Amino acid sequence: MQGFGLTEGETCERVWSYLRKFSKITKDMKPEHRRGTLNDAVVHYIERCQNNMASFIVNKFKKAGTVEVSSQADIKSALVAHPGEITVDDIQTWTTMDSNVRITKNVVWQHEYALDIHQLNQTQVALAKTTEEEKAVENISSLTRLGRKLMRTERKQRIGS
């Protein structure tokens, strides 16, 4: 059926599970050093995931095919078991409603925090590479803003305390 897909929803949890290993070594660090260490850990995690991407995609593709066949059979049996009560149009309407709910949900703070750390790292790299004074000032301003935002999040969420 058009519009159906598979997602496991565990990706963000896997990242946090991986980063949990760093809690003991980073708890006594200053925020800047903690962010640097965790940023390095995230970069390593991403590289590891990229190295395993091909086999991951192949396995997901195989599973998707199996689940598609099974799901089609389940939908057909539900339509046969409830003739006139459930239609394909009903299922498509429910799918649209579910999709709209997922799109409008708030982004969890952990996701935004990880994106901010990634942006901070990219800005640090850009600052190191820049030769133009104006760009350097922009990067420093961005680093300051992101650093403050990360510190507010860390205080609010009690990260490292």
Side-chain angles (χ1 to χ4, degrees), residues 1-68 70-71 74-75 91-130 134-161:
M1 182 173 286
Q2 187 67 25
F4 275 78
L6 285 178
T7 181
E8 58 180 280
E10 295 291 324
T11 304
C12 191
E13 287 79 5
R14 280 197 191 97
V15 173
W16 290 112
S17 174
Y18 175 77
L19 291 176
R20 188 176 303 125
K21 301 171 190 170
F22 295 88
S23 64
K24 288 181 182 177
I25 62 172
T26 60
K27 75 177 187 178
D28 294 326
M29 290 181 177
K30 291 182 180 180
E32 310 85 53
H33 295 122
R34 182 182 316 114
R35 276 194 298 273
T37 300
L38 293 176
N39 187 60
D40 291 344
V42 169
V43 168
H44 174 74
Y45 181 81
I46 289 168
E47 289 171 353
R48 192 177 77 181
C49 289
Q50 288 173 339
N51 290 338
N52 297 328
M53 187 64 67
S55 62
F56 177 79
I57 290 172
V58 168
N59 289 335
K60 288 293 180 183
F61 184 76
K62 288 178 183 177
K63 182 178 179 182
T66 304
V67 170
E68 180 182 19
S70 172
S71 297
D74 289 345
I75 289 171
I91 296 171
Q92 289 173 337
T93 301
W94 298 333
T95 303
T96 303
M97 290 169 49
D98 181 58
S99 156
N100 290 339
V101 167
R102 275 187 273 118
I103 289 170
T104 58
K105 277 188 178 178
N106 291 333
V107 175
V108 293
W109 72 266
Q110 293 99 331
H111 180 74
E112 188 173 338
Y113 182 71
L115 290 174
D116 288 340
I117 289 174
H118 178 70
Q119 182 64 42
L120 183 85
N121 182 49
Q122 287 183 326
T123 307
Q124 288 171 332
V125 169
L127 178 61
K129 291 180 179 179
T130 192
E134 189 175 312
K135 289 281 187 186
V137 169
E138 282 179 28
N139 288 332
I140 290 170
S141 175
S142 293
L143 285 172
T144 304
R145 181 184 49 77
L146 284 166
R148 287 180 183 148
K149 184 177 180 187
L150 288 166
M151 286 173 57
R152 281 192 305 271
T153 302
E154 289 170 352
R155 273 194 304 270
K156 182 178 179 182
Q157 301 301 333
R158 296 186 179 114
I159 297 173
S161 54

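Each residue takes its place number in the sequence, starting with 1. Everything quoted here is computed from the prediction, not taken from an experiment.
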So, the side chain of [X] versus the backbone of [Y]: is there a donor-acceptor pair under 3.5 Å, distance only?
{"X": "Thr144", "Y": "Ile140", "value": "yes"}
{"X": "Ser141", "Y": "Val137", "value": "no"}
{"X": "Ser70", "Y": "Thr66", "value": "no"}
{"X": "Ser23", "Y": "Leu19", "value": "no"}

Testing the basics here: between [X] and [Y], what is the closest heavy-atom pair and its distance to 0.1 Å?
{"X": "Gln119", "Y": "Leu146", "value": "CG-CD1, 3.6 Å"}
{"X": "Lys27", "Y": "Arg34", "value": "O-NH2, 4.1 Å"}
{"X": "Ala41", "Y": "Tyr18", "value": "O-CE2, 3.5 Å"}
{"X": "Arg35", "Y": "Met151", "value": "NH1-CG, 3.6 Å"}
{"X": "Lys135", "Y": "Thr130", "value": "CB-OG1, 3.3 Å"}
{"X": "Pro31", "Y": "Glu154", "value": "CB-OE1, 4.0 Å"}

Distance from [X] atom [atom1] to [Y] atom [atom2], nearest 0.5 Å?
{"X": "Lys60", "Y": "Met53", "atom1": "NZ", "atom2": "CE", "answer": "11.5 Å"}
{"X": "Asn121", "Y": "Asp116", "atom1": "CG", "atom2": "CG", "answer": "12.5 Å"}
{"X": "Phe22", "Y": "Met29", "atom1": "CZ", "atom2": "CE", "answer": "9.5 Å"}
{"X": "Leu115", "Y": "Gln122", "atom1": "CG", "atom2": "CD", "answer": "10.0 Å"}
{"X": "Glu32", "Y": "Leu120", "atom1": "CD", "atom2": "CG", "answer": "10.5 Å"}

Dump the intermediate steps for side chain to side chain contact (heavy atoms under 4.5 Å, CB included) on Thr123 and Leu127, then the final yes or no.
-> CA-CA 6 Å; Thr123 307; Leu127 178 61; 5.6 Å; no
Taking side chain as C-beta onward, heavy atoms only, is Val42 less than 4.5 Å from Ile117?
-> no
